[in-house]
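Reading through the structure tokens given below for one structure.
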Amino acid sequence: MHDRMDLHTHTIASGHAYSTLTEMIRAAADQGLELYGCSDHGPAMHGTLGADYFINFKVIPRELFGVKILMGAELNILDPAGSVDLSENILKKLDYAIASIHPTCYTGKTAAENTSAYLAAIKNPYIQIIGHPDDGRIPADYESLAAAAAEHGKLLEINNSSLSPKSFRKNSRENCIAMLEQCRRYRTHIIVNSDAHFYCDVGNHELAVDLLKEIGFPEELVANTSLQKAAQFFPKIKQVFGS
């Protein structure tokens with residue numbers, strides 16, 4: 001698989017990551033990526049910066065070291081209604097948004113509530129990716145997610161960090177396989193991301209790509225393989241770069 005992008009990454013602004021934005025972009029260039037996306041955590045995450053961090057991305061170049069740059073956010077889904085931790089006024093200025101459930105920021109308790117939260121995020125026009133829905137600590141109905149993502153033109157994430165032996169998420173491999181089978185059934189597109197918190201992991205999708213190969217997941221349903229394909233889900237790609 002020709003992997004051209006990594007859109008789930010964190011810099012020191014996230015509080016628990018350890019590289020600067022420049023270091024992360026340079027690492028993307030070293031990996032031969034065409035597109036790098038910064039998605040620092042929203043303000044509900046302990047230790048991250050406030051909402052003001054996300055309002056001045058216009059000062060950042062659109063390309064460095066030969067790599068195209070998108071500036072987004074990893075939003076925290078806060079409740080079963082799918083509320084997130086940045087205002088609409090800020091969201092509409094971002095290049096893209098990932099919406100994820102992190103237990104420390106979320107009030108839901110049951111699989112039904114978790115599914116409801118994800119479905120609401122999928123319907124949010126400012127959200128393009130559902131981040132790491134594989135975490136067994138936060139069970140959800142993958143058939144419902146895959147069907148809704150296909151209907152609304154959103155991407156479900158296969159998160160390389162989740163598949164690492166060091167991951168704190170539960171049963172991620174099994175859950176990814178279950179979700180991917182539903183994505184295959186509904187022709188739902190996915191995106192592979194690193195969730196890098198240090199520059200060495202930018203573009204590291206090895207575990208995720210190996211899993212896709214193992215189960216024979218259709219490459220045409222993977223957004224990473226071309227900027228033209230990704231532009232179907234990220235309007236800013238076409239608006240900014242003309243791809």
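What you see below is based on every heavy atom in this structure, not just the backbone, and it leaves out hydrogens, waters and symmetry mates.
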Donor-acceptor pair, [X] side chain versus [Y] backbone, under 3.5 Å?
X      : Y      : answer
Tyr126 : Leu94  : no
Asn193 : Asp195 : no
Asn224 : Val192 : yes
Asp79  : Gly82  : yes
Ser83  : Leu78  : no
Asp85  : Ala44  : yes
Asn159 : Ser162 : yes

>> Can you list everything that forms a side chain to side chain donor-acceptor pair (under 3.5 Å) with Glu181? Sequence neighbours excluded, please.
In response: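 Result, side chain to side chain donor-acceptor pair (under 3.5 Å) vs Glu181: Arg184.
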> Lys229: what forms a side chain to side chain donor-acceptor pair (under 3.5 Å) with it, not counting sequence neighbours?
Replying inline: Thr225
Kindly indicate whether the side chain of [X], heavy atoms from C-beta on, has any atom under 4.5 Å from the side chain of [Y].
X      : Y      : answer
His189 : Leu221 : yes
Arg62  : Phe241 : yes
Ile191 : Phe234 : yes

> Just wondering, are more than 12 heavy atoms of other shown residues or ligands nearer than 6.0 Å to CD in Glu174?
Replying inline: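 Yes, the 6.0 Å shell around CD holds more than 12 heavy atoms from other groups.
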>> Under 3.5 Å, is there a donor on one side chain and an acceptor on the other for Asn204 and Ser194?
In response: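 Result is no, nothing qualifies.
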> Tyr186 and Glu151: side-chain hydrogen bond (donor to acceptor under 3.5 Å, both in side chains), yes or no, with the steps?
Replying inline: CA-CA 9 Å; Tyr186 285 96; Glu151 178 184 355; over 6 Å; no
>> The criterion is ring pair (Phe, Tyr, Trp, His ring centres under 6.0 Å); which residues satisfy it with His16, sequence neighbours excluded?
In response: His41, His197
>> Can you confirm if the aromatic rings of His8 and His205 lie within a centre distance of less than 6.0 Å?
In response: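 When the ring centroids of His205 and His8 are compared, they turn out to be at least 6.0 Å apart.
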> Between Ile130, Ile122, Leu145, which is the residue that forms a side chain to side chain contact (heavy atoms under 4.5 Å, CB included) with Lys154?
Replying inline: Ile122
